[in-house]
K.L.:
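Input: one structure, supplied below.
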Amino acid sequence: MRHLPASVGISLFLLVAVATAQVTYYDFGFERDASVPVMSDGQLLPHAWAGGLNSVHFSEIDLDMDGTPDLLGFEKHGNRLLPFLRTDNGYLYAPQYARGFPDLHDWVLLYDYNQDGKADIFTYGLASIRVFENISGDTLRFRPVTEALQAFYYNGYTNIYSSPDDYLVVEDIDGDGHLDILNFWVLGRFVHHLRNNAGAGEAFDFRLENECWGHFAEAADNNTVTLFTDCNDKPGGDVHTRHTGSSMLLHDFSGNGLPDLLLGDVDSPYNILLYNNGTMDDARMTAQDTAFPVNMPVVLYSMPAASLVSLPGHEAHSLVVSPSDPSLTKSQDLNSVWVYDYDVQLQQYTLAQTDFLQGGMVDVGSGAHPVLFDFDGDGLLDLFVGNYGRFDSAKTVNGWLTSYFSSSVSYYRNTGTPAAPAFTLQTRDFGNLKASGFNALHPAFGDFDGDGLSDMLCGNQEGTLLLVPHQRLVTGAGNLTANFGQVDVGECSAPQCFDLDGDGYKDLIVGNRRGRLAYYRNVGADIPQFQKVTDSLGGVDMRDLTQSYFGYSVPCFYRDAQYGTVLFCGGELGEVAYYKQIDGNLDGSFERAEANLAETVNGDAKEFREGRRAAVAVADLTGDGKPELILGNYAGGAAFFRGAVPPAHNAVAPRALTTLRVYPNPAGNTLHVECDEPVNQIVVYDLYGRVVLVVNDIGEEKTTIDTKELASGVYFVRLANHAVAKFLKTDR
């Protein structure tokens, strides 16, 4: 048995991955924790870590099998699923149910097609419609039914067309008990009615019933609707292309027993209600309301999509409206989920809320770039969140909608304890930057002018750096320094200050739109001076050229006791790549150990899927030596993951020892360690996460370690299979 002293210069505890022929483990483990409190404007945010909302569409489904309809939100900006359990007082964010759904994208509608009382999934496929059957028993489960719904058109069956940008209608239109479909045909403008003629025991037999349902046409280049048309603008005639994107909601708004149609259109902030005064067999739209609802019309850029939801405590369904424009730089972000309650007496919808569920989240607009830094010097890491921007206004320029955003940094002070973080919003505009008109601010912190006080350095859309001096951070006044250090990485600079070479001075690492990392070594002393070393540090490249030409790399270097310097890097597609083998290898290529890190869900490893433009902050916020991870996304929010036991790559949870005993406890000069299988390595670390003792080459179930050199205090014993025990050391 050998006693090996460990370096105490490295803080944060050891995570050991045991490689065997059958099982390998991640180096780090993360478990979602939505309970970390966040206060805003004197209120506790009930859904703080739900990840924000920009463009969300809601459907009802029983998630927990209790017989009552819960809520599933589909966030278009990142293809995120947000499950909420229904309670007497509202909704409870329940992220554990998201993993029960298959991977879904572009649009999602939930309807019960086989009348078994369980909502099934209709979603976008490859220019068509995918369907999943809900086969849930005690747990949520879905079975794929088809990758492309078909219908009989003219001479034969072919795939039903669907645009990734349209919200079509899946409803029982004719009252025969089968779900029918309304969709815009390939070139848009006209709505097709696909009637479901399924017989007994069948689910689907769609046939084109009417190629001009409602007898109306949508304009080719705006949201103007022409009524009383026979839709003669078809192939062979004067065909006009239409800019893609329309949302549809079918509902009897007029109360005449016929389904009306609520339309939203790309580049438009309005919903248009078309009134049906035809028959059940022949819908005819004879009037339109271009400012619906009448008392407070929807004005949401762009392409508002509506859904009907039975909210708790309401006697009638409420109308929930949010943008559905696929563009990341057009949609309204904050206050972008409007709820209209139906007033039974007035028989009309009235605006009740503009931030449904969204108001209970950490949500900074479009894009969320979290950074952890102890700004107030109280020993607790505070949370700062930059953004791409917040929607300010929109106007049409040369026929195209142009939206304007201005960026800012939100400051959440850590008002918790060293073992239990809690955050309280101090300001949504730290440093008074919003009025300066920047986009894509990404904060980093350090003393950049040598006065001993913390300044803020912000990356931005132009790819340069903006220096915000300490005075401005405290008072809101003070000069900004643009183009700090003459750094220019192209577009969307994402800086981190980190002592990469271990010389005691913080260097500068900057991600960018290309997905690479630039490295600027600090060659100064009291006043930093950054000297460019490379614009392709470690060979890091966050692009996936099969899906995007850009990578949007966001680096977060972290120093770990076992692996030394490691890198967690967010990217365009929502992944968090993990790199190691960095120390002593700054001129070489880092090892990309994980293309996308995983969270642990019910003991299994599930890769992160928190939405596009992942931005990551990593630090030990609980003092247990295991790093926590905060993951931002383009919808403007963040998810919190607590450090946990690393999961296995084969999706089997690592087995903890059933009997890990350390005694005597308190211990004096020796400590006995006993478990139920041979152990090869023991690591002892203190409350600050510093490794103080490593014992290798044990090979036995029982061993004794020498603790006489340890000072009095609380310590943790960690074994190579991740089991942990705590003991108290005394001077006796």
Side-chain angles (χ1 to χ4, degrees), residues 7 9-11 369 371-375 377 384 386 431 441-460 462-473 478-541 553-560 563-569 579-590 617-619:
S7 170
I10 300 177
S11 63
H369 315 142
V371 172
L372 291 164
F373 179 75
D374 180 12
F375 181 76
F384 299 85
L441 291 177
H442 189 113
F445 291 89
D447 178 11
F448 300 105
D449 54 14
D451 64 357
L453 301 174
S454 298
D455 309 305
M456 184 169 70
L457 199 62
C458 285
N460 54 70
E462 287 70 34
T464 59
L465 297 178
L466 176 72
L467 177 61
V468 188
H470 184 84
Q471 177 189 1
R472 187 178 179 109
L473 298 178
N479 294 327
L480 302 173
T481 302
N483 199 24
F484 174 79
Q486 305 301 308
V487 171
D488 189 342
V489 296
E491 291 181 77
C492 297
S493 45
Q496 184 192 9
C497 295
F498 183 86
D499 181 11
L500 192 58
D501 57 6
D503 66 354
Y505 299 99
K506 286 188 176 182
D507 306 302
L508 186 62
I509 306 98
V510 190
N512 58 29
R513 189 185 187 207
R514 290 176 299 162
R516 298 183 180 274
L517 301 182
Y519 170 36
Y520 294 79
R521 185 170 180 265
N522 187 353
V523 296
D526 294 335
I527 300 178
Q529 297 180 38
F530 296 108
Q531 184 179 83
K532 185 176 181 179
V533 177
T534 178
D535 58 6
S536 57
L537 176 65
V540 173
D541 188 344
S553 51
V554 180
C556 184
F557 284 89
Y558 174 78
R559 194 147 280 143
D560 176 72
Y563 305 106
T565 302
V566 296
L567 168 64
F568 301 90
C569 195
Y579 293 84
K580 57 184 182 179
Q581 301 299 330
I582 295 173
D583 289 325
N585 187 32
L586 298 184
D587 295 328
S589 294
F590 303 157
V618 177

K.L.:
Any side-chain heavy atom of L480 within less than 4.5 Å of one from R472?
P.N.:
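Result yes, sub-4.5 Å side-chain heavy-atom pair found.
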
K.L.:
Less than 4.5 Å apart, any side-chain heavy atom of F590 and any of Q581?
P.N.:
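F590 does not reach Q581 side chain to side chain.
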
K.L.:
So L473 and V468, do their side chains get closer than 4.5 Å, heavy atoms only?
P.N.:
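With C-beta onward as the side chain, the pair touches.
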
K.L.:
Less than 4.5 Å apart, any side-chain heavy atom of L537 and any of L500?
P.N.:
yes

K.L.:
Roughly how far, to the nearest 0.5 Å, is CZ of F484 from CG of D449?
P.N.:
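It comes to 8.5 Å.
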
K.L.:
Decide yes or no on salt bridge (Lys or Arg N to Asp or Glu O under 4.0 Å) for R521 and D503, but give the supporting numbers first.
P.N.:
CA-CA 10 Å; R521 185 170 180 265; D503 66 354; 3.4 Å; yes

K.L.:
What's the separation between atom CG in L508 and atom SG in C497, rounded to the nearest 0.5 Å?
P.N.:
5.5 Å

K.L.:
Start with the C-alpha gap between N483 and T464, add the side-chain angles, then the distance that decides, and say whether side-chain hydrogen bond (donor to acceptor under 3.5 Å, both in side chains) holds.
P.N.:
CA-CA 5 Å; N483 199 24; T464 59; 5.0 Å; no

K.L.:
How many angstroms lie between atom NE2 of H369 and atom NE2 of H442, to the nearest 0.5 angstrom?
P.N.:
7.0 Å

K.L.:
Rounded to the nearest 0.5 Å, how far apart are CZ of F445 and CD of Q496?
P.N.:
12.5 Å

K.L.:
Please check if the side chain of N522 supplies one atom and the backbone of K506 the other of a donor-acceptor pair under 3.5 Å.
P.N.:
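At least one qualifying donor-acceptor pair exists.
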
K.L.:
Which atom names give the shortest non-hydrogen contact between P443 and F384, and what distance separates them?
P.N.:
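Looking at all heavy atoms of both residues, the closest pair is CG-CB, 4.4 Å.
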
K.L.:
What heavy-atom pair brings G511 and P555 nearest, and what distance separates the two atoms?
P.N.:
N-CD, 3.8 Å

K.L.:
When rounded to the nearest 0.5 angstrom, what is the spacing between CG in L586 and CG in D501?
P.N.:
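One finds 7.0 Å between CG of L586 and CG of D501.
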
K.L.:
Where is the tightest heavy-atom contact between L453 and D451, given as atom of each residue plus distance?
P.N.:
N-OD1, 2.9 Å

K.L.:
Please test R559 against F557 for side chain to side chain contact (heavy atoms under 4.5 Å, CB included), starting from the C-alpha separation and ending with a verdict.
P.N.:
CA-CA 7 Å; R559 194 147 280 143; F557 284 89; over 6 Å; no

K.L.:
So, for G452 and D447, which heavy atoms are closest and what is the spacing to 0.1 Å?
P.N.:
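Heavy atoms only, the tightest pair is N-OD2, 2.8 Å.
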
K.L.:
Can you check whether H470 reaches F375 side chain to side chain, under 4.5 Å on heavy atoms?
P.N.:
yes

K.L.:
For the backbone of F448 and the side chain of D455, can you confirm whether one donor and one acceptor N or O come within less than 3.5 Å of each other?
P.N.:
yes

K.L.:
Are the side chain of D499 and the backbone of G504 linked by a donor-acceptor contact shorter than 3.5 Å?
P.N.:
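Looks like yes, one N/O pair under 3.5 Å.
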
K.L.:
To the nearest 0.5 Å, tell me how far C492 SG sits from E462 CD.
P.N.:
8.5 Å

K.L.:
Do L567 and I509 make a side-chain contact, defined as non-hydrogen atoms from C-beta onward lying under 4.5 Å apart?
P.N.:
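Side-chain contact under 4.5 Å: no.
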
K.L.:
Between A494 and S553, what is the shortest heavy-atom contact and its length?
P.N.:
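Closest approach of A494 to S553: CB-O, 3.7 Å.
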
K.L.:
Among V487, L441, N512, L465, which residue meets the side chain to side chain contact (heavy atoms under 4.5 Å, CB included) test with S493?
P.N.:
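Single side chain to side chain contact (heavy atoms under 4.5 Å, CB included) partner of S493 among V487, L441, N512, L465: L465.
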
K.L.:
D583 and G564: which non-hydrogen atoms are nearest, and at how many Å?
P.N.:
OD2-CA, 3.5 Å

